Amino acid sequence: MGVVETRRARGHRLSAPGDGPPDSEGGALVEFEWSQEDSSFRTQLRAFLDEELPGRWTGAVATLGSRENVAYSRRFAGLMAEHGWLTPHWPTEHGGHAASAWQHTVLGEELWSIGEPRGPQYMNVNWIGPSIMAHGTPDQQRLHLPLIARGDVIWCQGFSEPDAGTDLTSLRTRAELDGDEYVVNGSKIWTSYADVANYCYLLVRTDSGGTRGQGISVLLVPTDTPGFAIRPIGSMVGEHSFNELVFTDMRVPVSCRLGPQDEGWAVVREALAYERVGAPRWARAARLLEEVVEWAIANDRFDDPVSLEIVGRARATCEAARLLYYRVIDERDRAQGSSANPSLARVAMVQAERIVAEACLELMGAGSLEYASLADHQLRKSLAAGVAAGTYEVQLNLISRLHLRLPKG
Ligand SMILES: Cc1cc2nc3c(=O)[nH]c(=O)nc-3n(C[C@H](O)[C@H](O)[C@H](O)COP(=O)(O)OP(=O)(O)OC[C@H]3O[C@@H](n4cnc5c(N)ncnc54)[C@H](O)[C@@H]3O)c2cc1C
């Protein structure tokens, strides 16, 4: 998208407090037209997906964490890497092509809209790899980045604990230094993909003094390390989506620590900022909505005013989420500092997921009760969307502070 070059010449106006840079009437200008380069990339990518995916992928109703889909995503990520499309936004020295944030956005939209066939690897390429680039030692970069860039590896994120979810800085998994190793004891919960992962991006407490944000460190741990136990947790989200991790005297070399000891919170906050808008969820919700509309038309269920109204509202909500998401990408493209826009975009994406679920229930009626129907799938996705990667309520808190400038409650 040619935002930078053309934003003043042909822009629409989006205005928000603190948005910059303003035009003469106080709003920021954003050009919504895609550049020719981005459009032709999208066309090429769609042709590849049409060729590669049919019959081998369950698409928009892909079940989070299902073994079948994770197995497929390993193969798919390898194919993407061969085309140079797995890490195009990475710098060339780490196997990327320094592609723009907009090209990365095209990639995210196209893949999320069909159910994210990269599976867990979207985390590697979006924020785990970049976090290792920013804070890793040369040895860590040499080991991990080529594996991620080739699509040869799956990572999981060991953040949440039974008493540390939203309030992540109260995490208690301890890592005590013993010579040139840490001895790790504690547990993690809700860890997606741990059962199929090769590595875990693990948050541990290395010091209990100071504020709670201090004394946290990041360890890059192979999941086959002795003392690393993985137990599945059943849930309504997907077939086998969650795991509990239990660490018992797990020894991890100091060389596996990412960034300085006790200062891991800064490393993680940077990674989380990326994670919060990393997934263009609106793209999948919008596509699924159109699939349900097609189904309703074919089944003569698209004629009452209630259905029409909710579909209209759902389409508008998806579109609002798309525009707010683009505003974040624009900020990123121009390397602008932090703002409330990622929280606004995430709230809008959750609202899009939820209203599309409502529309599915309305249109499909009793058919929604069928396991793995479009409506059943969307309902479960929409419930998870407001919790994963920072809850909906916490994003609202951030908006009230950073955007509306309200005092902290
Ligand atoms: C699909 C999915 C995948 C996940 N994958 C992973 C993963 O791979 N790795 C990992 O570490 N974790 C993962 N999680 C866990 C997720 O990060 C946590 O569930 C989330 O951070 C919330 O923490 P919690 O469950 O402890 O809820 P709590 O933090 O206990 O929150 C409970 C409720 O209280 C509200 N609340 C809490 N604090 C405030 C506040 N200050 N103001 C207003 N409301 C508040 C919350 O919004 C929520 O509604 C995943 C979760 C989901 C749903």
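Numbering of ligands and ligand atoms starts at 1, following listing order. Predicted model only: the values in this text are computed from it and were never measured.
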> Cut-off 3.5 Å, side chains only: do Glu353 and Ser382 have a donor facing an acceptor?
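Checked: Glu353/Ser382 side chains show no N/O donor-acceptor pair below 3.5 Å.
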> Which atoms of ligand 1 have any heavy atom of Phe159 under 4.0 Å away?
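This gives 11 (O) as the contact atoms.
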> Report the part of Asp167 (side chain from C-beta onward, or backbone N, CA, C, O) that has a heavy atom under 4.0 Å from ligand 1; answer both or neither where that applies.
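For Asp167, no heavy atom sits under 4.0 Å from ligand 1.
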> Nearest heavy atom to atom 3 (C) of ligand 1 wins, so pick from Gly165, Ala194, Ser192.
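Looking at heavy atoms only, the winner is Ser192.
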> Could an N or O of ligand 1 be found under 3.5 Å from any N or O of Phe242, whether backbone or side chain?
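Checking ligand 1 against Phe242, no N or O pair falls under 3.5 Å apart.
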> Decide whether Gln378 and Arg284 meet the rule of one side-chain donor and one side-chain acceptor closer than 3.5 Å.
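Per modelled atom types, Gln378 and Arg284 side chains form a pair under 3.5 Å.
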> Name the option, out of Val394, Leu383, Thr166, Asn243, that contains the heavy atom nearest to atom 28 (P) of ligand 1.
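Shortest heavy-atom distance from atom 28 (P) of ligand 1: Thr166.
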> Would you say the side chains of Thr191 and Asn243 form a donor-acceptor pair under 3.5 Å?
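Checked: Thr191/Asn243 side chains show no N/O donor-acceptor pair below 3.5 Å.
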> Would you check the N or O atoms of Thr391, main chain and side chain alike, for any that come under 3.5 Å of an N or O of ligand 1?
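By distance alone, the answer is yes.
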> Roughly how far, to the nearest 0.5 Å, is CD1 of Ile114 from CG of Leu288?
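With rounding to 0.5 Å, CG (Leu288) is 13.5 Å from CD1 (Ile114).
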> If we only consider heavy atoms of Tyr392, is any one of them less than 4.0 Å away from an atom in ligand 1?
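No heavy atom of Tyr392 comes that close to ligand 1.
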> Which ligand 1 atoms are under 4.0 Å away from a heavy-atom of Ala384?
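What qualifies from ligand 1 is 1 (C), 53 (C).
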> Quick one: pull up CH2 in Trp265 and CG in Leu203 and give me the separation to the nearest 0.5 Å.
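CG of Leu203 is found 7.5 Å from CH2 of Trp265.
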> Is it the case that the side chains of Gln121 and Ser73 hold a donor-acceptor pair, with the cut-off being a distance below 3.5 Å and no angle test?
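Judged by distance alone, the side chains do not pair up.
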> Check each atom of ligand 1 against the heavy atoms of Asn397 and keep those under 4.0 Å away; list them by number with element.
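Every atom of ligand 1 under 4.0 Å from some heavy atom of Asn397: 40 (C), 41 (N), 42 (N), 43 (C).
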> Which option, Ala164, Ser170, Ser160, Pro120, owns the non-hydrogen atom nearest atom 18 (C) of ligand 1?
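Selected option, by shortest heavy-atom distance: Ser160.
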> Are side-chain heavy atoms of Asp139 and Arg142 found at a separation under 4.5 Å?
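Side-chain contact under 4.5 Å: yes.
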> Under 3.5 Å, is there a donor-acceptor pair between the Asp304 and Ser307 side chains?
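Yes, side-chain donor-acceptor contact under 3.5 Å.
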> Gln157 heavy atoms, cut-off 4.0 Å: which ligand 1 atoms fall inside?
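Those atoms are 7 (C), 8 (O), 9 (N), 10 (C), 11 (O).
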